[in-house]
Protein chains: 2
Amino acid sequence: MTSTIDPHSLLRDYMAQHGLKASRQREIIADVFFTAQGHLTVDELLQRVRKVDARVSQATVYRAMRLLTDCGLAEPRNFSDGQTRYELAHGHEDHHDHLICTRCGQIVEFVDDRIEALQSKVAQSHGFSVTHHKMELYGICATCAKSDGA
Amino acid sequence: MTSTIDPHSLLRDYMAQHGLKASRQREIIADVFFTAQGHLTVDELLQRVRKVDARVSQATVYRAMRLLTDCGLAEPRNFSDGQTRYELAHGHEDHHDHLICTRCGQIVEFVDDRIEALQSKVAQSHGFSVTHHKMELYGICATCAKSDGA
DNA sequence: TTTGATGCAAAGGATTTGCATGAAT
DNA sequence: ATTCATGCAAATCCTTTGCATCAAA
């Protein structure tokens, strides 16, 4: 049942249905984003995009990321620095949270069903029904912990 | 062992130790903040402060909230709107997370030791040692759920 | 008096937007 | 030909800062 849909075609369909036009810069940005597999800021994306075409503007990246967000392919995240980072949307089934090293910035994704279950339970006990949540654990990763004591 | 320290005197001591001076506006802002018991933005605080003295500037509120944060009395929070909200710091022992109604904006604080325990466990399994975390559950509160179906 | 606090307005950083121009349909 | 997308710069929003002035100490 879980047919892996090509993000590119999903994007193409979305644009068709909304009367949007394709463009070279849009393709580059989408390509870079789909390939990058990270949690990139607009400026980080822009840097990579400009390696392909130096004339792409920042505004276009912002606009493209909004488009990718609107069609459900990208998800904006706000961690503890003022910048929005985008990650590939994995779909609701594949929700996950983040573990962030405050020393090196490394970001690890994780899911824990036991935590998710408890979250619903806690919310229920306050009369809430949860639609979504945000959980970030900040700490020191193994690598940094090692180089620390050295 | 848990002697409840008056925030005002804590603030006074902090200022003394750091060679800072008292001021009328600082007192008003601290008063408003300690009384307000909420998760207020700078502008919300400013509004309330100006009911006491209309001439207080926004910059002063920003500066005062930084001071209160520095001396451990206030805690800045960033939820899913671009504005920083300040809440009374409860101290590390009394850490808590948030339940936020996406309809009416109501914010409920909660703690769940089972979740906290699992968080450490998950982090450990990835080699991380957690220093702090952020968890927000978004959903619909009981009141909004009722007025919904009506 | 000396030093820190204030108010104002200017400056910052991140993101958005208006507009003339360029490209896709 | 239309209509949307782009690039640029100006505009926003939130927050911080420089500076002359005011008020604690």
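In what follows, chains carry the letters A, B, and so on, assigned in the order in which the sequence lines appear, proteins first and then strands, with residues in each chain numbered from 1.
- The ring pair (Phe, Tyr, Trp, His ring centres under 6.0 Å) test applied to B:H98 returns B:H39, B:F79, B:H96, not counting sequence neighbours.
- Rounding to whole angstrom units, CG of residue B:L67 and C1' of D:dT15 are separated by 17 Å.
- For D:dT16, neither phosphate oxygen OP1 nor OP2 lies less than 4.0 angstrom from any side-chain nitrogen or oxygen of B:Y62.
- The side-chain hydrogen bond (donor to acceptor under 3.5 Å, both in side chains) search around A:Y62 returns none, not counting sequence neighbours.
- Straight-line distance from the CZ atom of B:R66 to the P atom of D:dC14: 18 Å, rounded to whole Å.
- Partners of A:H126 according to the ring pair (Phe, Tyr, Trp, His ring centres under 6.0 Å) rule, which considers only residues two or more places apart in sequence or in another chain, do not exist here.
- Rounded to 10 degrees, the angle between the two end axes of the helix from C:dT1-D:dA25 to C:dT25-D:dA1 is 10°, with five pairs used at each end.
- Annotation: side-chain hydrogen bond (donor to acceptor under 3.5 Å, both in side chains) contacts of A:S120 (sequence neighbours excluded): none.
- Whole-Å rounding puts the B:M65 CE to D:dT16 P distance at 12 Å.
- Under a 4.5 Å side-chain heavy-atom cut-off, the cluster of Ile, Leu, Val, Met, Phe, Trp and Tyr residues that includes B:I140 has no other member.
- Ring to ring, A:Y138 and B:H133 are not that close: their centroids are 6.0 angstrom or more apart.
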For residues 16-28 of chain B, dump all side-chain donor-acceptor pairs below 3.5 Å to protein atoms at least two apart in sequence or in another chain.
{"residue": "B:S23", "atom": "OG", "partner": "B:R26", "partner atom": "N", "Å": "3.0"}
{"residue": "B:R24", "atom": "NH1", "partner": "B:D53", "partner atom": "OD2", "Å": "2.2"}
{"residue": "B:R26", "atom": "NH2", "partner": "B:K21", "partner atom": "O", "Å": "2.9"}

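- Cluster partners of B:F110, using a side-chain heavy-atom cutoff of under 4.5 Å among ILVMFWY residues and allowing indirect links, are A:L99, A:V108, A:F110, A:I115, A:L118, A:V122, A:F128, A:V130, A:M135, A:L137, B:L99, B:V108, B:I115, B:L118, B:V122, B:F128, B:V130, B:M135, B:L137.
- Atom CG of B:L45 and atom P of D:dT15 are 11 Å apart (whole Å).
- Summarising the geometry of B:V56 relative to B:L46, their closest heavy-atom pair is O-CD1, 3.7 Å, with the distance given to 0.1 Å.
- In this structure, NE2 of B:H18 is placed 19 Å from P of C:dT3, rounded to the nearest angstrom.
- Rounded to whole Å, atom C1' of C:dG12 lies 13 Å from atom CD of A:Q83.
- If you measure from atom CG of B:D81 to atom C1' of D:dT12, you get 16 Å, rounded to the nearest angstrom.
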Base versus backbone protein contacts along nucleotides 3-9 of chain D [heavy-atom cut-off under 4.0 Å; B, S, -]: BSSBBB-
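- Taking atom CZ of residue A:R12 and atom C1' of nucleotide C:dT25, one finds them 16 Å apart after rounding to whole Å.
- Residue-level contact check: A:T84 touches the backbone only, with heavy atoms under 4.0 Å from sugar-phosphate atoms and none from bases.
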